[in-house]
Structures are given as C-alpha cells and as structure tokens.
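Proteins get letters first, then strands, A, B, ... in listed order; numbering begins at 1 in each.
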Amino acid sequence: MIKRDYKGPIENSIEMAIEKIVNLLQYDYYLSPRSIAILLLQEDEGIRNLVKEKDAAGFSEIEQIVNNLKTYYKNPISYELAIERQNEVNDILKKAVRFAKDSISFRERLSRLLMNPVLGIPVFLLVSYFGLYKFVGQFGAGTVVDFIETNIFDKYITPFAENMVARFIPWQFLHELFIGEYGLITMAFRYAFAIILPITAFFFLFFSLIEDSGYLPRIAMLIDRTFKKIGLSGRAVIPMVLGFGCATMATMVTRILPTKRERIIATLLLALAVPCSAQLGVIMALLQHNPMALFIWAGVIGFIFLLVGYLTSKILPGDRPSFYMEIPPLRMPSLSNVIVKTYVRVKWYFKEIMPIFLWAGVLIWLGRLAKIFDFLVDILKGPLRAIGLPAEAAKAFLFGFFRRDYGAAGLYDLSAHGKLDGVQLVVSCVALTLFLPCIAQFLMNIKERGWKIGIGISVFVLFFSFSVAYVLNIVLKTLGVIL
Amino acid sequence: MSVKKIAIVGNPNVGKSVLFNALTKQYVVVSNYPGTTVEVSRGKMNLDGAEYEVIDTPGMYSLYSITEEERVTRDILIKERPEIIIHVVDAKNLERMLLLTLQLIEADLEVILVLNIMDEAVKEGVSIDVGLLEKELRIPVVPAISTAGKGIDNLKKKISEYDKKRL
Amino acid sequence: MDKKIILPLSKLDLHKKAKVSHIKTEDKAMLQRIIAIGALPNIEITLIQRFPSFVFQIGKSQFAVDKELASCIYVKAV
C-alpha cells in the first residue's frame, strides 16, 4: 500500500522493522499487519497487550525489534511517523486543494472578541444569567415544574396511585413504600418526572445550544488559567456549568475529564461548593430581600470552592492537568440537531438516574420504618445548635437531603415565623449549600468514584460544611454583623 | 445473514453525530462501551433492502490511542470488524485530518471519506478537487454538509456501490 | 531580533507567521497531543492570543492550549 522511504541505516530503518514484524504476526487483527506493526513500533499499550495475547510465540522477538529500532532514533517513533505522514498528506493536498488568500471574516472577529477576557468574561456572565438562571432556573425549574406538579401529579397521578395502593395492598407498612410523603410513586417517580425531567430537559437544551454554536471551548479557554489553580483544566468547565443545573448529572459527566485525579477533584467540588438549580432556587428565595446576606453567601461559597480546590490539588498525587482544546468556528446551531441531541441526552440520563431514585426511595422507606430518621434528626440538632441555628432546623436539613421542597419549606417556615435572624439565615444557607445537595448525588458519587472515594467525599463534605458554618457564625457574631 | 456494520470515525467536532443522525434517523441506542465510561451510539439503516448497523464512534485523532475514547474506537474496529468505515473530516482542515485517513487506508479498511462542513470550507476559500483526491487516495470521497442534509444521498450510493463491489 | 531564531511558540509575537521547527518534550502523552493537533515540523502556525490561554492557528483550525503545551512547540519566524 503506502510505502515510504525512511532515513537511517537501512537494516535498522522503520520500513525494515515493519517488514520484520509483519512476518511475525499470525493472528488476523482485522487491521492490516502493517498497521499493527506500526502501532507496535509506536509502543501503543493496547495493541501491545493484544499482540502479546494473540501472537504469544513471536512476541519477544517483536519486542526486541521495537527496542532495537528505538536506539537508532533520537525522537519517538510516533513523531517520526507523524512527520512522514504529514509530508505525504501535504503532497496530496498540493495537487488536489487550493487555498484562497486569508482574510479575517466577521465571524472570526466575533470569535476573537469572545476569547478576549475583557469582553469575553462579561459575555459569559450574561449567557449564564439568561441561559442558566432565567431559562433553566426560573422558567424550567420554576414555571414548568410547578405546572407539572400541580396540574398533573397532584390532580391525577397521586390520587390514582393512592387509590390503587389502598385497593390492592392490604399491609399498611407496605403502603408507605409506594405512597405518602416518601413513597416510590409519590416521591421517587414524582421527583424524577415532575422535577428532574423538566429541569434536565431545559438544561440539556441550553447546553446543546452553547455546545453546537461552538461557544463552549471559548469558555474553557477563558477559565483554564483559573481552573489550573484548583487542579482542573478548562475542560472541566463542562461538568461545572452542568453542576448548576443538576450536580448529580454533572458528577456523571466528569467522565469527560482525562485523568482520575481531575475526576476526583471535580466530584468533590460538585458535592461541596456547586449549588444545583434546586438549591439555588431555595437560597435565592430565602435571601432575595437581603442583598448583603446574598453577597456574603456568594463570597463564602466562592472562596470555599477555590480554597478546597487549591488544597486538594496540592494534596492529591498525580500530574498537573494539561489543557488543549480545538476552538471550532462559531456556528448557527441547527434546531433539529439540538432537539435530537437534547432528546438522546435526556433519555440516556434518565436511564442512569432512575434506578438511583428508586434505590433512594427504598432506603428512605427502610430508614423511616426503622425509626432511623428520628434518630438522625436528634443527631443533627447538636451540630446545628453549635452553628447557632435553632434545633427545629434539623428536620429541614435532613428532609432537604431527601426532598428539596421539604427542606426549603422547613427553612421558609422558620424564617417566616421570625425564628431566624439575618446571621442565622446566611449561616444556614452556607451550610445547606455546602452540604450534599441530595441523596441522588450521594449515590452517584459512590457509583462513579467507587465506595471508598464516594463515601470519603460525602463524609468530608458533611463535616466540612458544618465546620465552615460554625466558623462563619463566630466570625459574623464577633464582628457584630447585623443583617 | 448477519447485519453489516458501518463505523463512523473521525476527529471530535467534525459533525459525526449529525451524519449519524442523518443516516439512521431512528432506532438509536446509546450505551457505555463495556468496561468503560465512553458512550457509543448505534442505529439501524436500511439501504436497497439491506440492513446495516451504524456505529457512531467516539472522537479519535489517530489509530495510536492515548485517550479512552480512542481506545474504544480502535477496539470497535478490531473486535466488531465493520465492513465499511466512514471517515468524516472537516473539509477546510484536510491538512490535519488526512493523517488518520492514511492510517485507515494503511490498515486495509474499506474507507469512504466524507468531506463534511463543505459550506465553511467554501466560505474560507478552500477549493477541493474531489475527483483528484479520490484518485490520489484510491477511495470514494463524498463532499457533504450534514447539517443541511447535503451529500447524504451520495454517501448512501457509495455505500451500496461498495457492497456490490464486494459481492 | 534575529529573524531566523528558533523560539518556543509561547514567546512568538502575536499574528506573526511562523513555521514549526520541532517539538521538544519528554512526555509521551504531550507529544501525542501535539501530533493530534498537527503542529508538526514545517507546518505554518500563527499565535493569535496569549492570555488567558494560548490560542494559535494551524491551517484553518484554532486551538487553545496552556503554557506548558505552547512551550513544547518550537517555531521559526518566516
């Protein structure tokens, strides 16, 4: 097929080595023997293992050829081969392709403006505000969720399920598995379809739009330098932005990060300091009439995000992340493609998340049956008193972990009854944000990172969130801050 | 008779998924490749009475793999032995993209080269002599704008031709 | 400054046409990334931006990379 002339002593040229290896290969790899030989010369791990298994007889001889050849080349073989291939490509293109003179198009000008930090960062903030806060948060997580909950679930599904369960299941303790405050149908299914489904659908729609327009890599390049300080690369902007939609989903998306180290750091930060849209909604509602409190809350969370990221990147072993990303031209997204993409993603997400919700439902049922809930509420009272909150907040915190609307309602009630002053409000919001957002994320951490790291992260988050709240309470009290 | 497999390969960001969606339209299954966290989409396509399984593979730059995505794509090539490989490239970046084409040809795979995003290439002043490129590479070359559905019919024609040639 | 001088891409003037002279790195994964990008010897390359990340153009493609990667690509001005 494509033969090349290589430099170097003839008997040790790459071409000779390829021929020798080809003669030693017996197994049909589907890729041509020549291709396999070239991959072996580049010391490709996967192919090496495959050949070791399938062509065990000739393997040691092959290794010898590879090692011998290496000594004759200053550069890695893959580099030499790439240069050869590039020359070949250039020869072909010289004949078949013409390039017109370069000119800088309007699109290119726009692209450069978006990558310029002076303009790019404000644009990014605007896109986040309108896309995430207004579109996904207020419209998707607010208006649409309310509509589905009140007009579909409360009116039809819940009464129907209650009716069916009452009719066909005679045992009272089993009723609670399906219906009631924490039932599989009235909570797990409802949570999944009435809350998570619309939020993720709107989020993925927004996400597919900024992805297909080519905007995402431009955010990544703007943020890389900052993210490097916390052990992540610009690429991590994707799960981090997703985290503001749903941290559980974002934890799943940390898969796109190239190293295990980056995945652990991102998972930790998502669990700790990235509030999901549900949490953001609650916090905005609680703090909206108190701009100073909102400012302190945002400052503390931002600071913790950077601090924990920085310290983790210092402690965790492994290489610094490397950043490289192609910057595609800005494009007008095709609507049909965005819709197909959103649909496929929502479907995929649901397949992954549904079992987790059902498991959470079963766990809660068991927990309540065994009176573990009351026990946990009692345990929580101590730490909450320590951070200056009334004991009543314990129920709100624990329930918030299982049902965000209950957690929110709990704090609203306390706040509305005047049981929380400004400082307590800020402290409780900080604790609530840093605390694991929900049981689904807890389970996702274990699923994605394994038992040891998953539980480790959760335990750390639990203690750390209360410690920060504790310190914040003392600082605000000592400074005599009145909010 | 077993269903023939077609693998769509190429760099990230060249419109593989759009092309995949245009070819398969429905019956799409997205799943993690066994033992990995990498997603692979599969769909069915009917063409002149023959049924194909089309696989949308994760982005790859080279057969020599460094990322998990590249390993998965290469595993698909080796283990699933697709009859036809559709290599999708960004037409305005042939300089960078044809390196993989050469590797695929070198691997003796049945390659169809799709020069995607032709509209942008034209806008950028890149003009490609498709016939000459076919002659140089000795494989079918199809210009396309997958987002606008252009070139899809031509690609389907080349796929059937490939199949007939092999019978 | 001498026009023929070979310098890392990170030090190249903005918008100045240059050609890749060679790649210098001990890190195999880094080398592979650079090959994937296509920053191979004799390829024309232009630096477009250096802050907050390095952005350069090869052919009709643009890439954003960090300083470590930009320092591995050596170029000569043309």
Side-chain angles (χ1 to χ4, degrees), chain A residues 1-2 28-36 38-39 42-47 50 78 81-82 85-86 88-93 95-103 105 107 212 214 217 252 254-256 258 263 325-326 328-329 331-334 336-337 340-341 344-345 347-348 351-352 448, chain B residues 11-13 15 17-18 21 28 30-32 36-39 41 62-68 70-71 74-75 77-82 90 92 94-99 101-109 117 120 123-137 146-148:
Chain A
M1 179 115 306
I2 298 164
D28 172 18
Y29 295 92
Y30 199 61
L31 306 182
S32 69
R34 179 180 171 81
S35 174
I36 295 290
I38 288 174
L39 288 167
Q42 296 177 80
E43 295 175 275
D44 183 298
E45 243 346 271
I47 293 295
L50 186 68
S78 51
L81 285 166
R85 282 216 182 87
Q86 189 65 60
E88 201 171 338
V89 167
N90 292 350
D91 286 347
I92 295 171
L93 293 184
K95 294 177 205 160
V97 180
R98 297 262 169 283
F99 294 96
K101 257 211 134 0
D102 283 343
S103 64
S105 62
R107 219 165 41 153
D212 276 18
M252 203 155 66
T254 56
R255 290 171 185 178
I256 62 150
R263 284 180 214 150
M325 220 173 184
E326 185 164 354
R331 292 174 182 144
M332 201 46 135
S334 117
S336 67
N337 194 41
V340 169
K341 234 178 186 168
V344 169
R345 279 182 171 151
K347 208 172 87 178
W348 164 78
K351 230 177 65 195
E352 298 261 341
E448 289 293 310
Chain B
N11 280 22
N13 287 320
S17 315
V18 184
N21 290 335
V28 177
V30 186
S31 60
N32 284 349
T36 70
T37 53
V38 178
E39 282 169 53
S41 313
S62 163
L63 276 183
Y64 175 90
S65 50
I66 35 170
T67 63
E68 196 175 21
E70 288 178 313
R71 265 195 295 280
R74 202 184 53 200
D75 271 6
L77 297 184
I78 291 178
K79 297 203 179 119
E80 308 203 18
R81 316 198 156 205
D90 179 351
K92 67 181 176 305
L94 291 183
E95 202 182 18
R96 216 156 50 75
M97 306 264 163
L98 288 190
L99 268 84
T101 318
L102 292 188
Q103 292 179 53
L104 295 169
I105 296 171
E106 195 169 52
D108 274 346
L109 299 167
I117 332 181
E120 276 181 12
K123 247 187 253 170
E124 299 261 1
V126 181
S127 53
I128 302 166
D129 185 335
V130 175
L132 200 61
L133 199 57
E134 271 187 334
K135 229 173 72 191
E136 287 288 328
L137 293 169
S146 60
T147 46

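- Rounding to the nearest 0.5 Å gives a distance of 12.0 Å between CG of A:Leu81 and CG of B:Leu102.
- Here the shortest heavy-atom pairing between A:Asp44 and B:Ser65 reads OD2-N, 2.9 Å.
- For a residue to count as touching a neighbouring chain, one of its non-hydrogen atoms must lie under 4.5 Å from one of that chain's; by this rule B:Leu104 does not touch chain A.
- Residues passing the side-chain contact (heavy atoms from CB on, under 4.5 Å) test with B:Thr147, sequence neighbours excluded: B:Val18, B:Ile145.
- When the candidates B:Ile66, B:Leu77, B:Ile78 are compared by the number of heavy-atom contacts under 4.5 Å with chain A, B:Ile78 comes out ahead.
- Residues A:Asp28 and B:Arg81 are paired through a salt bridge, judged by an N-O separation under 4.0 Å between the basic side chain and the carboxylate.
- If you measure heavy-atom distances from A:Pro329 to chain B, the contacts under 4.5 Å come from the side chain alone.
- Here A:Arg85 contributes atom CZ and B:Thr101 contributes atom OG1; the two are 11.0 Å apart, rounded to the nearest 0.5 Å.
- Only the side chain of B:Ile117 comes within contact range of chain A, with at least one heavy atom under 4.5 Å from a heavy atom of that chain.
- Put simply, the side chain of B:Arg96 reaches to within 4.5 Å of the side chain of A:Glu326, judged on heavy atoms.
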side-chain contact (heavy atoms from CB on, under 4.5 Å) between A:Glu88 and B:Glu136: does it pass, once the steps are laid out?
-> CA-CA 11 Å; A:Glu88 201 171 338; B:Glu136 287 288 328; over 6 Å; no

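- Side-chain contact check for A:Gln86 versus B:Glu95: some heavy-atom pair is nearer than 4.5 Å.
- Taking a cutoff of 4.0 Å between a charged side-chain nitrogen and a carboxylate oxygen, B:Glu120 and A:Arg331 qualify as a salt bridge.
- Interface residue B:Leu94: backbone and side-chain heavy atoms are both found under 4.5 Å from chain A.
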Begin with the C-alpha distance, continue with both residues' side-chain angles, and end with the deciding distance and a verdict on side-chain contact (heavy atoms from CB on, under 4.5 Å) for A:Leu31 and B:Leu109.
-> CA-CA 7 Å; A:Leu31 306 182; B:Leu109 299 167; 3.9 Å; yes

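- Between A:Tyr30 and B:Pro82, the closest side-chain pair of non-hydrogen atoms falls below 4.5 Å.
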Go through the steps for A:Lys95 and B:Lys135 under the test side-chain contact (heavy atoms from CB on, under 4.5 Å), then give the verdict.
-> CA-CA 11 Å; A:Lys95 294 177 205 160; B:Lys135 229 173 72 191; over 6 Å; no

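- Nearest heavy atom pair, residue A:Ala96 against residue B:Leu132, reads CA-CD2, 4.0 Å.
- In this structure, chain B has heavy atoms under 4.5 Å from both the backbone and the side chain of A:Ile47.
- The side-chain heavy atoms of B:Leu133 and A:Ile92, taken from C-beta on, include a pair separated by under 4.5 Å.
- Neither the backbone nor the side chain of A:Asp91 comes within contact range of chain B, judged by heavy atoms closer than 4.5 Å.
- Residues B:Leu63 and A:Ser35 form a side-chain contact, since some pair of their non-hydrogen atoms from C-beta on lies under 4.5 Å apart.
- Rounding to the nearest 0.5 angstrom, the gap separating the CD atom in B:Glu106 from the CD1 atom in A:Ile36 is 11.0 Å.
- Remark: B:Ser62 pairs with B:Gln103 by the side chain to side chain donor-acceptor pair (under 3.5 Å) rule, at least two apart or across chains.
- The contact between A:Glu43 and chain B is made entirely by backbone atoms, counting heavy-atom distances below 4.5 Å.
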